[in-house]
Amino acid sequence: MEIFKYLETYDYEQVVFCQDKQSGLKAIIAIHDTTLGPALGGTRMWTYESEEAAIEDALRLARGMTYKNAAAGLNLGGGKTVIIGDPRRDKNEEMFRAFGRYIQGLNGRYITAEDVGTTVADMDLIHEETDYVTGISPAFGSSGNPSPVTAYGVYRGMKAAAKAAFGTDSLEGKTIAVQGVGNVAYNLCRHLHEEGAQLIVTDINKEAVQRAVEEFGAKAVEPNEIYGVECDIYAPCALGATINDDTIPQLKAKVIAGAANNQLKETRHGDQIHEMGIVYAPDYVINAGGVINVADELYGYNRERAMKKVETVYNNIEKVIEIAKRDGIPTYKAADRMAEERIERMRNSRGQFLQNGHHILSRR
Ligand SMILES: NC(=O)c1ccc[n+]([C@@H]2O[C@H](COP(=O)([O-])OP(=O)(O)OC[C@H]3O[C@@H](n4cnc5c(N)ncnc54)[C@H](O)[C@@H]3O)[C@@H](O)[C@H]2O)c1
Ligand SMILES: CC(C)C[C@H](N)C(=O)O
């Protein structure tokens, strides 16, 4: 990978490599675009096959956050961190504190939160070193674990997508295939079960599957069987790139609506599912509930207000589907258009100099 060429092609602002021998920290902070505000995005801890794979993931996820935050109407730019390591084995207090100091060094250009492999407890350790972290314990006046709120947003967005495909947003009696029943999808399954949906689930973690079977009467299938099951809706809630050349020919669903980031392996896969008549709820629009929730901390966290904002996921999915229909384009392109237009409008409106609190000579 030619990194600078890639950064230039997709307009990245900054990439920070963090190395701390003492704690074993190896992290990559990618800041994609701060036109709308400071870059906010979670920290993922994962065992990557190579350093190149970790860099690519950080970059892709950071850009996704720019689009997610813009489409959600937040005044935030996009960034993301990946920490290279096994979250079950390699975590320690020193690591997250060292990482917190790196974040502090960015002086507010980047604000972090949870992602796959990190928890509220990890965010609390980061908070020992910096205020630029959200999703810390509610005891600090924070919003805590974002996953249940993300799940609620996905549930609402799924209903909006179902309305476009089936003429009603009721999920009662619908069969929904859920890939990965971790933090977000467990909570999603609870909402779906309460509404009377039939669930088919899979996970590489057998305990997670068992919990969904016992609590929600879900049917369990092997990880590689989930794509081909008879269902109305496929909900990818594990990792990214599961909509690809191998899986698309197996799909029976009329709707794809799930929590995972970067669901399309390549954009052409978005074109392909569009041509097949599948209603695709773009990943970064439907899974914005978590970031909408943590972003509320910037105003002094209020759960009720945050949950009201999360309701907008339903409207945003409707809006994207409307744009797609109006312009005759796939929904993933419609979502990009919506996000890019907002960033562009804000960039242009800042072309004029206006005094904003700080006297421009105040540092003299
Ligand atoms: N947590 C949030 O608030 C949030 C917000 C936005 C997006 N997301 C995205 O949603 C997805 C899920 O996040 P999460 O917080 O629930 O993570 P998680 O780690 O709690 O859950 C993911 C689950 O997927 C399973 N899994 C991994 N590979 C699999 C495979 N090949 N087949 C089947 N199962 C597999 C894991 O065992 C795990 O149970 C991620 O892509 C994440 O980036 C999460
Ligand atoms: C809670 C959020 C700041 C980050 C979340 N992991 C996401 O991808 O949206």
Side-chain angles (χ1 to χ4, degrees), residues 38-47 57-58 60-69 71-72 74 76-82 86-88 110-120 122-123 132-136 142-154 157 177-189 200-212 220-227 234-242 244 246-247 257-263 282-298 306 310 313:
L40 195 155
T43 295
R44 176 169 296 193
M45 185 164 184
W46 195 248
T47 46
D57 206 29
R60 258 164 69 90
L61 290 164
R63 184 159 174 261
M65 289 308 300
T66 297
Y67 281 80
K68 185 182 303 195
N69 293 339
L74 301 172
L76 291 164
K80 199 97 175 186
T81 299
V82 305
D86 185 337
R88 288 162 306 181
Y110 170 67
I111 303 169
T112 201
E114 290 88 345
D115 194 66
V116 176
T118 59
T119 62
V120 173
D122 302 331
M123 298 306 124
Y132 300 119
V133 51
T134 55
I136 57 177
S142 170
S143 61
N145 180 3
S147 303
V149 189
T150 301
Y152 183 67
V154 173
V178 182
Q179 180 186 43
V181 266
N183 288 319
V184 176
Y186 169 75
N187 289 287
L188 172 65
C189 285
I200 302 175
V201 301
T202 195
D203 199 294
I204 50 175
N205 175 349
K206 298 285 171 239
E207 283 166 24
V209 171
Q210 199 48 35
R211 185 169 65 157
V221 297
E222 289 302 315
N224 59 356
E225 291 171 353
I226 196 76
Y227 307 106
Y234 164 53
C237 298
L239 295 182
T242 64
N244 57 47
D246 294 334
T247 60
N261 281 310
N262 297 334
Q263 293 170 22
D283 44 17
Y284 64 75
V285 182
I286 195 170
N287 73 15
V291 76
I292 293 172
N293 187 50
V294 299
D296 195 73
E297 290 183 30
L298 307 180
V310 172
V313 172

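Read the numbers this way: they start at 1 and go in the same order the structure lists the ligands and their atoms. All values below come from the heavy atoms of this structure, side chains included, with hydrogens, waters and symmetry mates left out.
Between Tyr234 and Tyr227, the ring planes are perpendicular. Angles over 60° get that label, and only those under 30° would be called parallel.
Contacts between Ala288 and ligand 1, counted as non-hydrogen atom pairs separated by less than 4.0 Å, are absent for every part of the residue. Contact annotation: for Asn183 versus ligand 1, heavy atoms closer than 4.0 Å belong to both the backbone and the side chain. With a 4.0 Å cut-off on non-hydrogen atoms, Glu114 does not touch ligand 1 at all. Within the 4.0 Å heavy-atom criterion, the part of Asp115 lying near ligand 1 is the side chain and not the backbone. Contacts between Glu207 and ligand 1, counted as non-hydrogen atom pairs separated by less than 4.0 Å, are absent for every part of the residue.
Contact check for Val178 versus Cys189: side-chain heavy atoms found under the 4.5 Å cut-off. You'll find the side chain of Asn287 reaches within 4.5 Å of the side chain of Lys68, heavy atoms only. Between Glu114 and Asp122 there is no side-chain heavy-atom pair separated by less than 4.5 Å. Between Leu76 and Pro38 the shortest side-chain heavy-atom distance falls below 4.5 Å. Inter-residue side-chain proximity for Glu297 and Leu40 is flagged as unmet; no heavy-atom pair is nearer than 4.5 Å. Residues Val313 and Ile292 meet the side-chain proximity criterion, which asks for heavy atoms closer than 4.5 Å. Under the 4.5 Å side-chain criterion, counting only non-hydrogen atoms from C-beta, Val82 is not in contact with Trp46.
In this structure, the side chain of Asn187 engages the main chain of Asn183 through a donor-acceptor pair within 3.5 Å. A donor-acceptor contact shorter than 3.5 Å is absent between the side chain of Thr47 and the backbone of Asp86. The backbone N or O of Ile226 lies less than 3.5 Å from no partner atom in the side chain of Gln179, so there is not a single donor-acceptor pair. A distance-only check finds no donor-acceptor pair linking the side chain of Asn293 to the backbone of Pro146 [under 3.5 Å]. Between the side chain of Thr118 and the main chain of Thr43, a donor-acceptor pair closer than 3.5 Å is present. Between the side chain of Asn69 and the backbone N or O of Gly77, at least one donor-acceptor pair lies under 3.5 Å.
Ligand 1 places these atoms under 4.0 Å from at least one heavy atom of Pro146: 3 (O). Close approach to Lys68 involves these atoms of ligand 1, each under 4.0 Å from a residue heavy atom: 6 (C). Ligand 1 places these atoms under 4.0 Å from at least one heavy atom of Cys237: 11 (C), 12 (C), 22 (C).
Taking each of Asn224, Val116, Leu61, Asn145 in turn, the one with a heavy atom nearest to atom 19 (O) of ligand 1 proves to be Val116. Of the options Ser147, Ala259, Gly258, Ala238, the smallest heavy-atom separation from atom 40 (C) of ligand 1 is shown by Ala238. When the options Val294, Asp203, Val209 are ranked by their closest heavy atom to atom 25 (C) of ligand 1, first place goes to Asp203.
In this structure, atom 44 (C) of ligand 1 lies nearest to the protein heavy atom Val184 CG2, 3.8 Å. Distance from atom 27 (C) of ligand 1 to its nearest protein heavy atom, with residue and atom name: Ile204 CD1, 3.7 Å. Of the protein's non-hydrogen atoms, Gly182 CA, 3.3 Å is the one closest to atom 21 (O) of ligand 1. Scanning the protein heavy atoms around atom 3 (O) of ligand 1, the nearest turns out to be Thr150 OG1, 2.6 Å. Among protein heavy atoms, the minimum distance from atom 6 (C) of ligand 1 is reached at Asn287 O, 3.5 Å.
Residues with a heavy atom under 4.0 Å from ligand 2: Leu40, Gly42, Met65, Lys68, Lys80, Ala113, Glu114, Asp115, Pro146, Asn261, Gly290, Val291, Val294.
Between Arg44 and ligand 1, at least one N/O pair is under 3.5 Å apart. Between Asn261 and ligand 1, at least one pair of N/O atoms sits closer than 3.5 Å.
In this structure, CD on Gln263 lies 8.0 Å from CD1 on Ile286, to the nearest 0.5 angstrom.
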